[in-house]
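Take a look at the structure below.
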2 protein chains.
Amino acid sequence: MNLRHARTFVTVAELGTVSKAAHRLRTAQPALSRQIIDFEQELGLRLFDRVGRRLLLTGEGEQLLAGCRVLLNCASAVTEQAQQLRQGDTGVLKVAGSPQHIESVLSQFLHRYAERYPNVEVRIAEGTGSEILKLLESGEIHLGQNLLHSVKLDKRHFGSLPLGSVEVLAACRPSLTLSDRDTIEVARLSGVPLLLMDSGFGFRRAFDAASRMAGLIPTIKFESRNPHTLLALAEAGHGVAIVPSQLQCRRYSLRIVGLTYRGRPLREPLTVSWDKRRSLPRFATDYCAMLAGYMCEIFPITRPTAPKPTISRRAPKQARRKPPAVSAR
Amino acid sequence: MNLRHARTFVTVAELGTVSKAAHRLRTAQPALSRQIIDFEQELGLRLFDRVGRRLLLTGEGEQLLAGCRVLLNCASAVTEQAQQLRQGDTGVLKVAGSPQHIESVLSQFLHRYAERYPNVEVRIAEGTGSEILKLLESGEIHLGQNLLHSVKLDKRHFGSLPLGSVEVLAACRPSLTLSDRDTIEVARLSGVPLLLMDSGFGFRRAFDAASRMAGLIPTIKFESRNPHTLLALAEAGHGVAIVPSQLQCRRYSLRIVGLTYRGRPLREPLTVSWDKRRSLPRFATDYCAMLAGYMCEIFPITRPTAPKPTISRRAPKQARRKPPAVSAR
DNA sequence: GGCCGTTTATAGCATTTGGGCATAACAAAG
DNA sequence: CTTTGTTATGCCCAAATGCTATAAACGGCC
C-alpha cells in the first residue's frame, strides 16, 4: 500500500483517462499506467475495465475509490498540520506541578498563557516533587514546576529558572496562640502535634531539613498528599499545619505565622526545570518566562496573619491580590 | 509524504527506541533511523529529542503522532476493504431501467436480490430506452434493463439476456367500447385520440413501427415520460393510453385490451444488456439471471380485461400476483 | 576512571522501486 | 485505409531503500 498508488488511482478515476491524469500529476503516462497495474496486482482485483481506450471503474474500484479519497485527505491533513507546527506556536506542552501549585498558580496562569498561545495544548500532571523529578527524567513531561532546591537534579542535564520563593508557614485555629508575633522559631514546635505534607514533597523535605538543624523532633499527627486536608484538620483543632505560603488559605479560619530558624524566615526557592538535552520550542521557553513573571506578581499568596487576629483579617492582602488576577483574565 | 515514514514514526514513538521498532517491523535499525531523519527533514521539524540513547517525542511530534495514527488506520481500512472485495459478493452495481420497469419489477426484485447479495449496493437510474443506451455506452452503468429490440445496440460490444416480452395494451375508461373482444387491431385506432409514451422509449418506437406497418396515422393527444400520467388521463376520458403490459394498472378503473396486427398480438422482447468488454463480477451476472427468473414468474403483469367488464375485474389476477411478491420477501 | 553492553547515526554497497523515453498495440474517427 | 489519440510494454537510468559494518554516544558497573 502506497500513497502514490492511491493518488494516481483517484486522479485517473476522476479524469477518466491515464493521459489526463499524467498531465495533471506532471508525470509521464507510462508511469501511471504501470502504477495502476501494480496497484491492482497488490490489491488482487481489477479497478478498471479497459473498454476501448477508456478506463471504466469496476464496482470494486468504485468502492475503493471512496476509501482512497479519505486516505489522501488524511495524508494532506497531516502535512498541513506539520506546516502549522512549523510556523510555531502550536504543539503539546506537558507540565507537572504540586497540587498547591496547580491550584493557586496554574489555575489562573493557564488562562493568561492561552491568550498568548491559543494553539498550544498544555497537559498537566499532578505529583510530589520526587514524582515530578521522575517524570522529568523519563521524558514524560517537558517542564517540571515547583521543584524546590531540596530535590536534587543534575545540573548537567537539567536547566531551571527561579520562580521566587515560598515561605514555610504554620497554620492553626485562631484560638490557639502559637506565638505573640507573626513568626515562630522552628524549635518551639517541639511537642506540638504537626500536620505535614507527604514526605515525597520537596517542601516537606525542606521542613525536615530545618527541623534537623534546629534539633526538633517533630510530633507528626498526620501526613497528606493534599494540603487542604491539613488546613481542614488544623481548622478543626487537630494540630498545627505546616504549609507553603503558596497555598490558598483564605477559605479557612486560621491563624497563620511564619516559621523562622535563628530569627531568619524559612524559605525555599521555587523553580521550573526542563531537560537541557531536549530542544524546547519557543512556546515552552516562553511559558517559563511568563510563569516567572506571573508568580512574581502574585507571590506570596498567603502571609502570616496579624499577631492579634481581628475578624477582618487579611483585608489589605485581598486587595493586593485582586489586580493581578484581573489582569490575567 | 509516505506511508512507510508514517508507519516507522508511529512504531518508534510507541516502542520508544529505534531498535525495538526495527525488530518489530522486521528490518534493520539503520533503515528506520534514516527514515525518521528523512521524515523530519521532509516535514521540516523535529519529531524526537535525542536525549541520551532515547528518543523522546517533541511537542510537535506528539501532535503529528495522532495524525499519523489515523492515516495508518485509513490505509489498513482500505486494504481490508480490498480483501473484502476480493472475497466477492461485494461491490457497486449500477443499473438503469424505464420508470415502469423500476416500479413494477425492480421495486420487488431488489429485495430478493439483496437477500442473496446483501453487500452489493445497487444504484438505480431511471430513463428512456435511448437514454439507457447512452448510459450503457458511456460506461456510467453496468446493466441496462428493459431495453427493447427496437433500440439498436452493437452486438459486438454488448451482451444481453432475454427477459420475456411485453405486450402492447390499449387502456381506456370502461364506458368506452373500443372492441367487443379483448383485443383490437392497430389500424382501428385511426382517429382515436392516443396517449403515448415519450418517443425516447423503446416501447413507443415499437408502437410507431407497428403503426407504420398497419398504415395507421396516430392521432396523438398527449405524450409523457411517465406512464401513470397516461393512465390517469385515460381514466379521465381523455383518450386511449397505449401502455406496456409491464405497467401496473390495477389502481385505475380502466378497460384494457391487447393490440394486434393482422390478428397477432403486438409484443416486444425485453432484455437486460451489458458491455461485453467489461468484466462483470459474479454478483452482476447473477443479477441478470435472477432478474430473468423473477420476471418469468410475474409476467405479464397486466392483461386485457374481460370484454364485458364486471365490477370485480381482474380478481383472479390479483391472486396470481401475490405469491411471487411474498416469495420475494 | 575504565570497561562493557546498548543504542543511534553514518558510510559503503547492493537491491529495489519508480520515472522517462521510445514504441508497440489498440481503438475510434475520418 | 489512414490518422489520431490512448494504453501497455521494454529498456535505461536515477532515486530510494535496505543491509552490513562501524563509529559515536550513553548508561551502568566494577
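Chain identifiers are assigned alphabetically (A, B, ...) following the order of the sequence lines, protein sequences preceding nucleic acid strands; residue numbering begins at 1 within each chain.
Looking at the side chain of B:S19, the nearest of the listed nucleotides C:dG20, D:dA8, C:dT7 is C:dT7. Distances from the side chain of B:R4 to the nucleotides D:dT7, C:dT8, D:dT17 place D:dT17 closest. Side-chain proximity of B:P30 to the nucleotides D:dT6, D:dT9, D:dT20 is greatest for D:dT20. The listed nucleotides are D:dT17, C:dG20, C:dT10; the one nearest the side chain of A:T27 is C:dG20.
In this structure, A:R212 does not pair ionically with A:D208, as no charged nitrogen and carboxylate oxygen lie closer than 4.0 Å.
Around atom CZ of A:R50, more than 12 heavy atoms belonging to other residues, nucleotides or ligands sit under 6.0 Å away.
Straight-line distance from the CG atom of B:L56 to the P atom of C:dT7: 15 Å, rounded to whole Å. We find that CD of A:Q41 is positioned 10 Å from P of D:dT9, with the value rounded to whole Å. Atoms CZ (A:R34) and P (C:dT16) sit 16 Å apart, rounded to a whole Å. Computed from coordinates, the A:H23 NE2 to C:dG20 P distance equals 13 Å when rounded to whole Å. Residue B:Q29 contributes atom CD, which lies 8 Å from atom P of C:dA9 at whole-angstrom precision. Following rounding to the nearest Å, A:L15 (CG) and D:dT6 (P) show an atom-to-atom distance of 12 Å. Per the geometry, CD1 belonging to A:I37 stands 13 Å off P belonging to C:dG19, to the nearest Å. Atom C1' of nucleotide D:dT17 and atom CG of A:N2 are separated by 13 Å, given to the nearest angstrom.
Using a 4.0 Å heavy-atom cutoff across all strands shown, A:A28 reaches sugar-phosphate atoms only and no base atom.
From A:Q145, atom CD reaches atom CH2 of A:W274 across 11.5 Å, with rounding to the nearest 0.5 Å. Taken from CD in A:E14 to CZ in A:F9, the straight-line distance is 10.0 Å, to the nearest 0.5 Å.
Side-chain contact between A:R204 and A:E223: present, with at least one pair of heavy atoms (C-beta onward) separated by less than 4.5 Å.
For the OP1/OP2 pair of D:dG5 and a distance below 4.0 Å, the side-chain nitrogens and oxygens of A:T17 include no atom meeting the criterion. A sub-4.0 Å separation between OP1 or OP2 of C:dT17 and a side-chain N or O of A:Q35 is absent. Under 4.0 angstrom from either OP1 or OP2 of D:dT9 there lies no side-chain N or O belonging to A:S33.
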